[in-house]
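These values consider heavy atoms only, across backbone and side chains, with no hydrogens, waters or symmetry-generated copies. First the proteins, then the strands, lettered A, B, ... as listed; each starts at 1.
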Number of protein chains: 2
Amino acid sequence: MKTSKSSVTRLYSYREALLRLKYLGFVKVFSENMADAIGATAVQVRKDFSLFGLVGNKRGGYQIDELIQKLDALLGKDKKYPVIVVGSGNIGRALMNYKGFLASDLHIAAAFDTDEQKVNRSAEVPTLPFGELKDFIKKNKIKVGILAVPELVAQQVLDQMMAAGIKGVLNFAPVRLNTPEKFVVHNVNLGRELETILYFVNAWDRQEQHETHKA
Amino acid sequence: MKTSKSSVTRLYSYREALLRLKYLGFVKVFSENMADAIGATAVQVRKDFSLFGLVGNKRGGYQIDELIQKLDALLGKDKKYPVIVVGSGNIGRALMNYKGFLASDLHIAAAFDTDEQKVNRSAEVPTLPFGELKDFIKKNKIKVGILAVPELVAQQVLDQMMAAGIKGVLNFAPVRLNTPEKFVVHNVNLGRELETILYFVNAWDRQEQHETHKA
DNA sequence: TAGATTGTTAATCGATTAACAATC
DNA sequence: TAGATTGTTAATCGATTAACAATC
């Protein structure tokens, strides 16, 4: 598998690290440096690079400028991609105002909500009535959305987004969504994440107590 | 590896599905049903169950009540676990008010912020000054926190949380955190998630155009 | 040339899936 | 008994890591 999710994610990390190094005045890097920067191993870095056709110089490492340029082309960093938020509850509103996207190649074009009270066309990121969703997606050729609606309506809202042309979503509703073959869904289940953390922390606690008793 | 992150996550999913089935009046399930419910395969379910010592009846499937009970014991569902939010920016505030936690065994005990303006001791989930963080963690024996502070201060804030006794965090800052061996970090990098979705969606688009040209 | 570093091929590892024996 | 389902052992798969040849 050429382009697994994790290898692509690492490419973005490499790029970010390279920009930092460039900013600090560096001109070239070795695979070892890249590895340190993103918390991987040098072999992993070279493997990833070779997978995506990024070549360096035997003994001389990689030219930072050249590498960034190639990554930009590979990752489509040349243009800004508009993304929409559907549902302006707690999570939806947080993402509308999230500053972390500014540095990247994506920006939130608009949010949608069924609650007319939340509509606000003049805000920096406007909130529009849900009825305008389809037209907006089509008119602005939106490909990716953030699904931040209640669990119970998630599937039916997604269906409408798909019908209008959306090809991928970041889903915050704790349900398994039904999607066609060529559609990307990344699920973020915050409760589940916390529970899993809790599980391992508690497991260690129990283990420790056990060991203490034995001692 | 007995308890990988993913197998534990699936246990929580099984439990959730079982509660739904029970609510609908079902008394027993087969591995096939469980698989459908969480989007896995029957073999996967039986493998997970055997890994955690959950046994059924040859030919008779699994008793729902019994299974839930065992999962509760396994996952520590007997008590409520307090969790804190550090940083009350966009993400932090959204999580403070997130309803999705109500159904689970965790609740947000308090939030912390350096901005005195945001302090509010009388809210349902109080926001306290950052200076009270250590005492609060120690007094309430908090083990898990949500780190929703700016990237630049994430590590130093985490260091203070660790010093006070925190053993695991859900990290929203887009940085690699330095932690000791027995410490759990789950990273949620929202920008990265969206970028990766965008990558695959664009990759398909390019591919399609390519194929159209050939045709 | 000797040393350092890349890039590829092979080995390992963990997780998922397949095959099948056990048994209700 | 025959059929259905569990539970385990073996095979497969993908991703990471190790080994090493190429070469600047």
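More than 12 heavy atoms of other residues, nucleotides or ligands shown are found within 6.0 angstrom of CG on A:Leu24.
Going from atom NZ of A:Lys5 over to atom P of D:dG14 covers 18 Å, rounded to whole Å. Computed from coordinates, the B:Asp48 CG to C:dG14 P distance equals 17 Å when rounded to whole Å.
Listed for the B:Asn187 side chain is no donor-acceptor partner under 3.5 Å among the backbone atoms of B:Asn189. With hydrogens and angles disregarded, no donor-acceptor distance shorter than 3.5 Å links the side chain of B:Asn202 to the backbone of B:Tyr199. Side chain of A:Arg93 to main chain of A:Ser88: a donor-acceptor pair is present (N/O by atom type, distance under 3.5 Å, no hydrogens or angles). A:Asp72 contributes no side-chain N or O that, together with a main-chain N or O of A:Lys77, makes up a donor-acceptor pair within less than 3.5 Å.
Checking D:dA15 for Watson-Crick or G-U wobble geometry (two distances, each under 3.5 Å) identifies C:dT12 as its partner. Pair assignment for D:dA21: C:dT6, on the basis of Watson-Crick or G-U wobble contacts that are both within less than 3.5 Å.
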Shorter than 3.5 Å, N or O on both sides, protein versus nucleotides 5-11 of chain C: list them out with atom names.
{"unit_1": "C:dT6", "atom_1": "OP1", "unit_2": "A:Ser31", "atom_2": "N", "d": "3.0"}
{"unit_1": "C:dT6", "atom_1": "OP2", "unit_2": "A:Ser31", "atom_2": "OG", "d": "2.7"}
{"unit_1": "C:dG7", "atom_1": "OP1", "unit_2": "A:Gly56", "atom_2": "N", "d": "2.8"}
{"unit_1": "C:dG7", "atom_1": "OP1", "unit_2": "A:Gly56", "atom_2": "O", "d": "3.3"}
{"unit_1": "C:dG7", "atom_1": "OP2", "unit_2": "A:Gly56", "atom_2": "N", "d": "3.4"}
{"unit_1": "C:dG7", "atom_1": "OP2", "unit_2": "A:Tyr62", "atom_2": "OH", "d": "2.8"}
{"unit_1": "C:dG7", "atom_1": "N7", "unit_2": "A:Arg46", "atom_2": "NE", "d": "2.6"}
{"unit_1": "C:dG7", "atom_1": "O6", "unit_2": "A:Arg46", "atom_2": "NH2", "d": "2.9"}

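The side chain to side chain contact (heavy atoms under 4.5 Å, CB included) test with A:Ile197 is passed by exactly one of B:Leu170, B:Ile146, B:Val169: B:Leu170.
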